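Heads up, the thing below is written out as structure tokens.
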Amino acid sequence: MTTRARTTGLPGWIFVPATLGAVFVLLPLVAIIARVDWANFVPLITSESSRAALWLSLRTSTVSTVLCVLLGVPMAVVLARTEFRGQGVLRSLVLLPLVLPPVVGGLALLYTFGRRGLLGETFSAWGIEIAFSAAAVVMAQTFVSMPFLVVSLEGALRTAGERYEVVAATLGAGPTTVFRRVTLPLVLPGLLSGAVLAFARALGEFGATVTFAGSLQGTTQTLPSLIYQQRVTDPDAAVALALVLVVVAVVVIGFARQGRGSTR
Amino acid sequence: MRRTALLAAAILLAPALTACGADDEDTTLHVYAAASLTSTFEQVAAVFEEEHDGVDVELSFAGSSDLVSSIREGADADVLASADLATMDEITADGLEAGDPVDFATNTLQIVVPPGNPAGITGFADLAGTDVKLVICAPEVPCGAATRKISENTGVTLSPVSQEQSVADVLGKVTSGEADAGLVYVTDVIAAGDEVEGIELPEAADVVNTYPIVALADSGQDDLAQEFVDLVLGASGQEILAGAGFAPAP
Amino acid sequence: MSLEVSARVVERGVDLSFSVGTGETVAILGPNGAGKSTVLSVLAGLLRPDEGRVVLDGRPLTEVGGGRAAVDVPPHRRGIALLAQDPLLFPHLSALDNVAFGPRSGGASRSESREQASGWLERVAVGHLGDRRPSRLSGGQAQRVAVARALAARPDLLLLDEPMAALDVDVRPALRHTLREVLAERTTVVVTHDVLDALLLADRVVVVEDGTVVEDGASADVLARPRSAFAARLAGLNLLAGRWDDGAVRLGAGAVVQGRVVGPAPAPGDSVLAVFRPTAVSIYREPPHGSPRNVLDTTVTHVEPRGDLIRIRSDLISADVTAQAAAELALVPGDRVVLSVKATEVSVYLH
């Protein structure tokens, strides 16, 4: 169709702040691209430390996204589909990492799973050492990105409503069947976009990771940690890596968009 | 509506505008100092403000390399006190200094361990094993460079579990008990108080970190900047630094 | 009796009981908010009554007394399927897989359930639409698929909640016909507003008003001789309640209505009903003289077209007059009028 419905009643002035907002977000991206030392771009991003950091970032972000799905989906379902005393408070607390400075999140993890932490002593007794390992990176990433998945999925669940689930139950489907064959497929787009958000957040996670897991090439030094470390001594490398991070994030988000579009 | 919006904008922007314009009432001196100088320079600034009526000293603390990059990007700084000579060289290389940088203090590394020293560290050689969770500074930052130098001098290869961006990050991992040992400056150990224990490191005597200070060319308050530098180099400044564990510059 | 229900839901002001025989279809009629949907929710196990019992084929599904639930079978184990006015087909499944959902949940294999599903789609005349996604079905087609889906689950009891309310008027007759076929010999409760549903689908009618059952009887009887204002309105009849006094119905206001007694003769003081069609009512500006008629003084409340007649509604009853007569009288709401109806047009029976 070549004709498009006309937007009604949008005030003309609204385009001014909208444009300003877009420029404000996009201009820094342009500035980064402008700073890239293209002549040395490839060597910069293929150096040993760069490759190690990128690979570690992708691996840990993937694992933490899987963890977010495994733990976050049930959490979102419980929050969206049940009512119990103190649920509002619990929801706020669970979503706290969204507003918490990541460094505080890292400290909190340290005080929980660290060697002298709440659970860490027990873990140590079992011979499990979490700090300074890739597992710690995954935990830090999961901690900060889980709320993104929970929020987006809970919204999708509430929008979808319970009517289909009720119908499924009256057709003889038990709770697990309803969850698997009705609830999940109905909110799949919401789940997918939640997972993508979580992945993107995990990929960019820095504060909690550095605080809880430290930074060591190949083990705990993720791409953001490497960028942070390089920014002073080797700004060209930092800029090149930042661009890689931006591109990976854009590709992931674009991919998810497309996937989402085709399921509609 | 429109008028209140304008008023709100004016109120919001006012401090920024006055900060930019010439201020006859109060003079502000911007001092950029390495993070390890935090407590000492706060004391020095207090003394300076007492001696200079109407002068307000604004301190910015960060890692030396961060300070240098912001000055190179045009930050409004009158004095720079850095934690190593290499970063100061970048300033002089760009010709941003008003006079020659002067060394005003030195600092050496010490081993820092959690209270009670659970891993039983006695010296540098004990840090080599993989069973010791050692946290050091990344080689890109001055404390990391010093660490690497000691390692080269002694031939002891370190296998740290993490290379941190700053002394504070190293200390944080030690105070939390996550790490068995770290390498930081003597002054940091003193500042951390009971949270940690320091272990003498004779090998560090050869790897002294020298702190240079300089008044900056773009200051516009050359005299005042130089007076601040002089205060740091003078008796009262040196006394404050010594109290925090700094050694005098040779 | 196959289904026995008694339920009290305080919050919704519902307190009623009724039963449904094996293979019987019962229509629950009543105005909005009377508690019809509440009854369905209690039956389906979606709402626990404050007190009550639901027993299906001798199997207790709900038993609540004194605030404690002795029995409360979850919805998926009740063998009760629910068809709402919105078909609610699962949007991510094809029509065939929607219908196969019930058999599949019941443990049948994928191919077996699909086979059954395609049989049910044939029975409701949409066998050719099995591959379609719900978004590509018309309202009527979707509701047929929903019927097939409910039946494919092989429920012991089928609940229909205004199954045609959301459909275009012109597709209702065909679906009603299909429902009439598939509901035969099937224990069903259908909630409806539509008198045709009650007449064509149901064997029996239960009229619910203000949370209680006000009428319960064979569909034709209830519609021919309504005992409740709602049933009378559904049947398009005027209904006046009063007491039998001196061979006539004495209304509360003091007016008296004469009529033919139908059924057992009432005794003086008995509560009786006078029922007559609106077309039997004549309207006058002034009280008529001459033959002794039933005469009622009242005020016009509505004037509206009804087919080729004009319906004049008043505080008490309605009158259907020709457009010409209405024009001559030039009535508007608020006019005082005198309504009269011949005694031979009035049926009188015990309440």
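What you are looking at is a predicted structure, and each value in this text was computed from that prediction instead of being measured. Below, all heavy atoms of this structure are taken into account, side chains as well, without hydrogens, waters or symmetry copies. A note on names: the letters A, B, ... follow the listed sequences, proteins ahead of strands, and every chain is numbered from 1.
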So which pairs with a foot in residues 27-67 of chain A pass ring pair (Phe, Tyr, Trp, His ring centres under 6.0 Å), sequence neighbours left out?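 Of all non-adjacent pairs touching residues 27-67 of chain A, those that pass ring pair (Phe, Tyr, Trp, His ring centres under 6.0 Å) are A:Trp38-A:Phe41.
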Does the side chain of B:Glu140 reach to within under 4.5 Å of the side chain of A:Asp234, using non-hydrogen atoms?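 Side chain of B:Glu140 against side chain of A:Asp234, heavy atoms only: no contact under 4.5 Å found.
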Residues of residues 91-113 of chain B with any heavy atom under 4.5 Å of a heavy atom in chain A: none
Using a heavy-atom distance cut-off of less than 4.5 Å, which residues of residues 141-165 of chain B contact chain A? B:Pro160, B:Val161, B:Ser162, B:Gln163, B:Glu164, B:Gln165
Need one label for A:Ser133: side chain, backbone, both or neither, based on atoms under 4.5 Å from any heavy atom in chain B. neither
Side chain, backbone, both or neither: which part of A:Thr219 has an atom under 4.5 Å from a heavy atom of chain B?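 Contact with chain B involves no heavy atom of A:Thr219 at all.
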[X] side, atom [atom1]; [Y] side, atom [atom2] - distance, nearest 0.5 Å:
X	Y	atom1	atom2	result
A:Tyr111	B:Glu178	OH	CD	10.5 Å
A:Arg231	B:Ser65	CZ	OG	7.0 Å
B:Thr175	A:Arg116	OG1	CZ	8.5 Å
A:Phe212	B:Lys173	CZ	NZ	10.0 Å

Neighbour count >12 (heavy atoms, 6.0 Å) for atom CG, B:Asp218: no
I'd like to know whether CZ of A:Arg35 has more than 12 heavy-atom contacts from other residues, nucleotides or ligands below 6.0 angstrom.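 No - once you tally the heavy atoms of other residues, nucleotides and ligands closer than 6.0 Å, there are 12 at most.
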Mind checking side chain to side chain contact (heavy atoms under 4.5 Å, CB included) for A:Gln217 and listing every partner two or more places apart, or none if nothing turns up?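 Scan of A:Gln217 (side chain to side chain contact (heavy atoms under 4.5 Å, CB included), adjacent residues dropped) gives A:Glu48, A:Ser49, A:Ala52, A:Gln221.
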